[in-house]
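Single-structure report; data block below.
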Amino acid sequence: MGMFTSSKRNATFELVRIIAMVLAVCFYVTKAFPLGDYSGWGFTVCSVFYRLAAPFFLFLCGRFALSFDFANKSLKDFYIKKTAYIVIPMLFFMICHYIFNTTEGSNETKAIDFFPCLAYQYKSTHFWLMYYLLFYILSTPILSLMFKDISDRALKSYIVVGLVFNSLSYYVDLVPTVDFSYANQFGKVLFYFFLGGLSDRIINLFGRKKLYIAGAVSFPIVLLQTFVFDTANTEYDLSPFYVVFAFSIYIFLTSLNIEKNKITSNALSFFGKYVFGVCMIQGIIIKHIVNNNILPTNNIWLFVCSGVIVVLIVSIVLSLFTDILLFGAIRRLLCYLSKKNNN
């Protein structure tokens with residue numbers, strides 16, 4: 001299929017992507033627990049880990065975005081591929097979300113309400129992350145130039161400024177935010193994104209051992225502040241210690257050599273292709289299985305475990321079929337139109 005011929009997927013990065021997907025589903029299933037009364041150290045520890053989902057996705061997007069090579073890649077092919085693999089599937093799943101969730105119980109579906117609805121849902125669903133990721137991915141050709149030749153001194157300064165900014169916004173609340181911004185974007189999006197893109201440089205600059213030690217020291221602090229500030233039920237931890245903790249876990253996972261095991265590598269590469277679809281459709285599935293009382297509600301751990309399994313199985317199957325039957329046909333059409341235009 002020309003430009004849509006899949007390049008070899010790195011199993012290590014697919015592992016991080018799949019872990020982020022599972023953690024995201026864990027968070028949303030936990031959030032959907034109908035009784036809503038859960039606390040304690042066990043839940044606090046779990047909340048620290050399932051909030052790693054967004055940082056992992058941002059690290060990965062930054063890594064691939066900032067490694068864009070103008071010399072060997074066509075901008076036209078780049079945007080056609082991103083349209084086929086991200087923009088069209090994202091729009092499709094958003095339409096599904098609008099039809100199955102927003103218009104539920106309504107006698108009619110108004111197309112004119114679709115985009116205003118998505119703008120509103122930006123504040124209360126995972127769409128906010130998709131919007132930001134989409135913007136930064138499509139801005140890759142420009143963003144890749146920003147940090148291409150950054151010096152070690154400038155890189156250290158950027159990291160220090162980012163951590164200080166996070167400290168002021170998290171502990172002192174000196175950084176003003178407006179309602180639609182959802183939270184501190186420097187720490188939640190830009191900082192994670194660029195740290196992922198510069199991860200190799202950061203590892204060479206500080207060394208893995210020091211980064212692992214910093215992550216190990218940050219973990220109990222993150223755990224303590226989560227318990228003290230009672231933030232276990234919030235979606236994201238924007239503290240500087242969480243940034244360090246998340247980054248240390250990320251570089252540890254990306255250091256694993258999984259490529260040698262062909263079976264594991266192929267399995268991760270296969271499931272990694274459907275992470276995006278799972279993250280987009282899981283909200284619809286969770287809502288319907290909760291509304292239909294499919295999951296046990298007498299125990300939160302049983303609810304979460306069974307819910308995660310059901311949601312992952314159903315969403316992966318649906319993502320697989322939509323990719324084969326719909327998105328595959330769209331990619332073939334775009335490939336045909338591109339070739340015809342070139343001729």
Side-chain angles (χ1 to χ4, degrees), residues 15-57 93-94 96-106 121 123-130 219 222-223 226-237 242 246 249 253 267-268 270-323:
L15 172 64
V16 178
R17 201 190 312 272
I18 291 170
I19 290 175
M21 171 190 71
V22 174
L23 292 174
V25 173
C26 285
F27 166 72
Y28 284 108
V29 170
T30 305
K31 193 175 180 180
F33 186 58
L35 300 182
D37 184 18
Y38 38 89
S39 59
W41 277 102
F43 176 73
T44 300
V45 173
C46 291
S47 73
V48 169
F49 284 97
Y50 68 51
R51 281 181 288 183
L52 287 169
F56 281 177
F57 281 128
F93 287 120
M94 284 181 170
C96 292
H97 186 281
Y98 175 71
I99 294 174
F100 289 105
N101 278 354
T102 309
T103 63
E104 187 175 5
S106 176
Q121 290 295 328
K123 296 191 300 181
S124 57
T125 69
H126 55 285
F127 287 168
W128 75 266
L129 179 60
M130 300 300 178
F219 175 68
V222 168
L223 197 61
T226 302
F227 188 79
V228 172
F229 297 149
D230 193 22
T231 57
N233 292 310
T234 59
E235 289 89 340
Y236 312 101
D237 189 330
Y242 198 81
I249 297 294
L253 292 174
L268 291 173
F270 174 79
F271 287 108
K273 293 187 295 184
Y274 305 107
V275 167
F276 181 75
V278 170
C279 291
M280 289 300 296
I281 204 172
Q282 49 85 21
I284 301 173
I285 299 170
I286 291 174
K287 180 175 180 180
H288 284 273
I289 63 175
V290 170
N291 289 347
N292 292 300
N293 298 317
I294 296 176
L295 303 177
T297 58
N298 58 320
N299 184 285
I300 185 173
W301 301 110
L302 184 60
F303 176 89
V304 172
C305 291
S306 57
V308 169
I309 293 172
V310 171
V311 171
L312 286 177
I313 292 174
V314 175
S315 57
I316 288 174
V317 170
L318 290 176
S319 298
L320 173 64
F321 278 105
T322 53
D323 185 72

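For clarity, every value in this text was computed on a predicted model and none was experimentally measured. Reckoned from all heavy atoms, side chains included, excluding hydrogens, waters and symmetry mates.
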*Apply the test side-chain contact (heavy atoms from CB on, under 4.5 Å) to residues F93 and I284: give CA-CA distance (whole Å), side-chain angles for both, the deciding distance (0.1 Å), then the verdict.*
CA-CA 10 Å; F93 287 120; I284 301 173; over 6 Å; no
Shortest non-hydrogen contact between [X] and [Y], atoms and distance:
| X | Y | value |
| --- | --- | --- |
| I18 | F271 | CD1-CB, 3.9 Å |
| R17 | G272 | CD-O, 3.7 Å |
| V45 | F49 | O-CD1, 3.2 Å |
| G277 | S319 | C-OG, 3.3 Å |

When rounded to the nearest 0.5 angstrom, what distance separates [atom1] in [X] from [atom2] in [Y]?
| X | Y | atom1 | atom2 | result |
| --- | --- | --- | --- | --- |
| I286 | T30 | CD1 | OG1 | 9.0 Å |
| F276 | M21 | CZ | CE | 14.0 Å |
| Y274 | L320 | OH | CG | 4.5 Å |
| L318 | Q282 | CG | CD | 12.5 Å |
| F270 | I316 | CZ | CD1 | 8.5 Å |

Kindly list each side-chain donor-acceptor pair under 3.5 angstrom involving residues 303-315, sequence neighbours excluded, with atom names and distances?
| from | atom 1 | to | atom 2 | distance (Å) |
| --- | --- | --- | --- | --- |
| S306 | OG | L302 | O | 2.6 |
| S306 | OG | F303 | O | 3.3 |
| S315 | OG | V311 | O | 2.5 |
| S315 | OG | L312 | O | 3.3 |

_Tell me if the CZ atom of F321 is crowded by more than 12 foreign heavy atoms within 6.0 Å._
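12 or below, so no.
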*Kindly indicate, with the supporting measurements, whether the criterion side-chain contact (heavy atoms from CB on, under 4.5 Å) is fulfilled by F56 and I249.*
CA-CA 9 Å; F56 281 177; I249 297 294; 3.5 Å; yes
_Show, in sequence, the C-alpha distance, side-chain angles and deciding distance for Y242 and R51, and conclude whether the side-chain contact (heavy atoms from CB on, under 4.5 Å) test is met._
CA-CA 10 Å; Y242 198 81; R51 281 181 288 183; 3.3 Å; yes
